[in-house]
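A note on names: the letters A, B, ... follow the listed sequences, proteins ahead of strands, and every chain is numbered from 1.
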Amino acid sequence: MYRDVPPTFSLPELERRILAFWKEHDTFNKLRRKNENGPRWSFIDGPITANNLMGVHHAWGRTYKDAYQRYHSMLGQHLRYQNGFDCQGLWVEVEVEKELGFKSKRDIEEYGIDRFVEACKARVIKFSKRQAEQSIRLGYWMDWDNSYYTMSDENNYTIWHFLKKCHDRGFIYAGHDVMPWCPRCGTAISDQEIVTEGYQELTHTSVTAKFPLVGRPGESLLVWTTTPWTLTANVAAAVHPELTYLAVKQGDETFYLAKACAERTLKNEYAVLRELPGSELLGWAYSGPFDELPPVAGVEHRVIAWDEVTEEEGTGIVHIAPGCGKEDFALGKQFSLAVIAPIDENGLFAEDFGPFAGKHASHVPEDVFASLKNKGRLYRTQKYSHRYPVCWRCKTELLFRLVDEWFIDMSTLRYEIMEVTKRITWMPSYGLDHELDWLKNMGDWCISKKRFWGLALPIYPCQKCGNVDVIGSETELEQRAIEGWEQFAGHSPHRPWVDAVKIGCSKCGSPVSRIKDVGNPWLDAGIVPYSTLNYRHDREYWNNWFPAEFITESLQGQFRNWFYSLLAMSTVMENREPFKRVLGHAQVRDLKGEEMHKSKGNAIWFDDAAEKMGAETMRWLYCRQNPYTNLNFGYEAAEEPLRHLTTLWNTYKFFVTYAKIDGFVPGSSPVPYDRLDRMDRWILARLNQLIADARRAFDGFSVMNFVHAAERFIDDLSNWYVRRCRDRFRQADQAGDPAAYETLYTVLSTTVRLLAPVIPMFAEELYQNLVAWREGEPESVHLTPYPEETPEWEDAALVADMALVRNVVEIALAARNAAKIKVRQPLAVMTVVTDPSAIKTLEMNRQVIAEELNVKRIVFTDSAEGLTTRVAKPVFRALGPRFGKDANAVGNILRALDQDTLARIAAGETVTIPVNGKHEQISSELVEVVTASPQGMSVISDKQVTVALDTNLSDELVDEGFAREIVNKIQNMRKEADFNVSDRITVGYSVSPRLARAIDSCRTYIMKETLARELVPLEGEWEHRSEWSVNGEPAELGVRRTTQSGLANGGGMQDGRT
RNA sequence: GGGGAUAUAGCUCAGUUGGUUUUAGAGCGUCCGCCUGAUAAGCGGGAGGUCGGUGGUUCGAGUCCACCUAUCCCCA
């Protein structure tokens, strides 16, 4: 039987209770067993980085994942429920370095790569455990003992398989490029890493140097740079061919620079010798700033053309060092320039750089300036502030360095991927354009990183013959190994163990070592639809589950990360789409709409939010949100979702309270549909709509639409159905109406099933008390099938009728408000003016309307005579086609028509009206006649309905008004005195004569409403008493219990009610 | 520089193929009033908008087109 429902609930407490219940009853595994022969529904989880605790933003995607999976489970489908953890990559290394207090790669090497890699593994294991606990706390059902880890052998070896396929098609190559480089970490920093928090406002000393022109004695180019150390690698100077340059004279020297830069750059007086276009400078040779350094000796320096040169800063002549800048490097390729790379991975100059040898690039500006000055090449130095890239973890200024990296050639592959991409349903739809744009424009995929913890790239370049071998599996490695296998055997394919293995070159047989690089971590995540579905060992299983029906992740960055790597890898593997549909969602922001950052202090940890607002509130918030717009998250934002849960809770509590009192057992005396009350049939029709909305929303992966519909439904249920039907449950001396009980029971038990995917714990709580204890019912809401529509319940007309009724009530309440008459004060007559068909509907609900509005009598009429005037509304949709340009003028004429004419049109007549000298036939198709404009009564209208209240109060009405006030006061006192709902009481009163008269005349009514046995003078002992002003009349009231009954109120259900 | 998105009330957003709204809506917030023995609820009303700007198409534009501006995302 039902447990008592406490008046309030604590979500965290409720949630922990349900989580314990699921654990105790092994509910999740029961669900899996129930569905194991059902149709498969394949979902693939994008792995979460197992490197830290979860923030609230992680819960958005995870809520979607859980909700859609639960929905499909309730459809009886068979799911894999595999969660994923992303394990490898620099972000883990960074945290472990922090833990160990390391400052550079050398610290790691001294500590031992093996110990370091083990520490990385340990960190991942630790946080994957914590994240699993947190996810469980969210109510997220996954097969937590069977999560996949991207560091697993299988994942790594399946990537090898992929790389081998790439290599077979000739896509893998070693390239070198200039990359942003952190000299402290000893690694390249990718553009993505810079974009996020990789810039700082820094001040450097810029230098303007003279580049003397060869064959033009006394003439120099003026060249400006903010990175003096790169001058040591200068090989060219770039100008814009279409900009205007000047030759200027200062002393006995002539300088060239862009005209727009002269004023800013030149110190002291100067004389302009001539103007010339940049194109004239092209090809001029100059002597470089550091030609004395051995690596630069013999390099020819020339002026080249570059469209990107601007006059915004500098001199309009740009120093080009292909070994020290990305654009420089590209230009170098274009013009076949020499590439000079001065620094090593620690940012130190190479040995052959003379006075600079062994010095740190960031520490040499003064040496550079001194050297230039000695050679007469220094024009000036200036302080310069700019945003400069820094390492996102150690804040060291980045240098640009020429490095060797490994790439996947995208020149043809990109088009194959684009074809695969087009087969996918993208949500939002513009996701397709985004992905295609990325694929069109992306460079070759850089897959290597010079670090320790990650995929061991199975690339073996032969130093002797230059052949490159790529190993495709662990067995191939074993077969090809010629030394070191023993050291490796038994270890995961990670550094340093795998590095011990040498293979024989397939061309020349020489021993070859693996490159030291580890892989790009998106390789790890992109292979998941293959590695986790056992592609290498059980192709049938893979076939059964591939491709995924659905994936969902944050939109942020995934076009170039996970979505991209999934698509790229699956195209190479099988030329098939790895998922059929993707739902992307936007970002979680703080309440002000600003990005959350740990450092900013506005980030919210998942654990805190779960304990403060409850996981279910979070889930509701996420599910009701438009996935494509950012969600401004905060504790205030949680209040609204919580209110909907509260309303549902109160409805549930109401039901349980009275069902217990009346001993109602669902199904014990079923009421056939055609014997139900109109209200019952209405709420069932609404429920039917909600079921349809829910299924449509879940099937279309738009859970938002369902939650919005559910919010409206819960409101209808609580604030209309239950409120209107309260008396059918709460009867003074007999049991409530079985039809009402059966209906409310059906609605509540169905609603919790509908909501189960969204709020699994809250729904379970209600289900347990409403349904689970009954014979033959599933023990968990999640073991029930998702509700289906009941054709019998459908009644669109009734739903529309009820909307009309509620509309009339709303308008009438507004009329009361306008007349400043409380609802507790009964009124004699209300007149409702509307069309005949609406009157028919309203007639059937006369009782409801009268009760809601507390009026004695309602008059329905379709004639607004004396209450309203008629107003013409031109129908421009019809007027436009007929009158063209004159439509507006005709509209004005129609608006000016007199009341009689309007009345005739309203009655269906066609009238003839002069328009611009012509006589036009006007009927109701061209002008709509509506009623409006009240005349001196309490009258309010909207489109369809006009309501007029008679505000005259007779003595009897005033008496009743007093009586209702008294009832209200007594009820409040019962509540304050903490009486039981069913306690019978005695009421004592001491009031003004006017009030006494009212109490006398309404004695029975007051006693019935307050469960009072007697109304007596206020003498003697009272459990609770207080003084009141009742509509201005003084009154003192007291209450005490005559019987102290428990909640049980008489026997079981009684048939029939008065 | 290229691609994509957005621009409507203090905040967050709806607004369906242009037309029953000439008086542009909701929620939140705010102010006033009301209702309530299931209610951490609910109801009515007030204040608050030149629908980013300009031009165009049309009898008619928040809605369609062009340009501009601003913000965001992706790429270069």
*Tell me, what's RNA chain B's dot-bracket, Watson-Crick or G-U with both distances under 3.5 Å, | for other-strand, [ ] crossing?*
(((((((..((((.....[.....)))).(((((.......))))).....(((((..]....)))))))))))).
With sequence neighbours left out, what residues match [X] under ring pair (Phe, Tyr, Trp, His ring centres under 6.0 Å)?
| X | value |
| --- | --- |
| A:Tyr658 | A:Phe654 |
| A:Phe9 | A:Trp649, A:Phe762 |
| A:Tyr564 | A:Trp438, A:Trp445 |
| A:Phe962 | none |

*Could you pull out all residues at least two apart from A:Ser718 that satisfy side-chain contact (heavy atoms from CB on, under 4.5 Å)?*
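Result, side-chain contact (heavy atoms from CB on, under 4.5 Å) vs A:Ser718: A:Thr647, A:Thr651.
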_Qualifying residues under side-chain contact (heavy atoms from CB on, under 4.5 Å), relative to A:Ala659, sequence neighbours excluded_ =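 By the side-chain contact (heavy atoms from CB on, under 4.5 Å) rule, A:Ala659 matches A:Tyr2, A:Phe655, A:Phe664, A:Tyr741.
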Protein N or O to nucleotides 9-14 of chain B N or O, pairs below 3.5 Å:
unit_1: B:A14; atom_1: OP1; unit_2: A:Asn626; atom_2: ND2; d: 3.4

*What integer distance in Å separates A:His644:NE2 from B:G42:C1'?*
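In whole Å, B:G42 C1' and A:His644 NE2 are 12 Å from each other.
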Please tabulate the protein-to-nucleotide N/O contacts below 3.5 Å involving nucleotides 3-7 of chain B, giving atom names and distances.
unit_1: B:G4; atom_1: O2'; unit_2: A:His434; atom_2: NE2; d: 3.3

*asked:* I need the full list of salt bridge (charged side-chain N to carboxylate O under 4.0 Å, His left out) pairs touching residues 431-440 of chain A, with sequence neighbours left out, sorted by first then second residue.
replied: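 Listed once each, the pairs would be none.
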Got a list of protein N/O to nucleotides 27-31 of chain B N/O distances below 3.5 Å?
unit_1: B:G27; atom_1: O2'; unit_2: A:Glu640; atom_2: OE1; d: 3.3
unit_1: B:G27; atom_1: O2'; unit_2: A:Glu640; atom_2: OE2; d: 3.4
unit_1: B:C28; atom_1: OP1; unit_2: A:Arg643; atom_2: NH2; d: 3.4

_Qualifying residues under salt bridge (Lys or Arg N to Asp or Glu O under 4.0 Å), relative to A:Glu611, sequence neighbours excluded_ =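 So A:Glu611 forms a salt bridge (Lys or Arg N to Asp or Glu O under 4.0 Å) with A:Arg16, A:Arg137.
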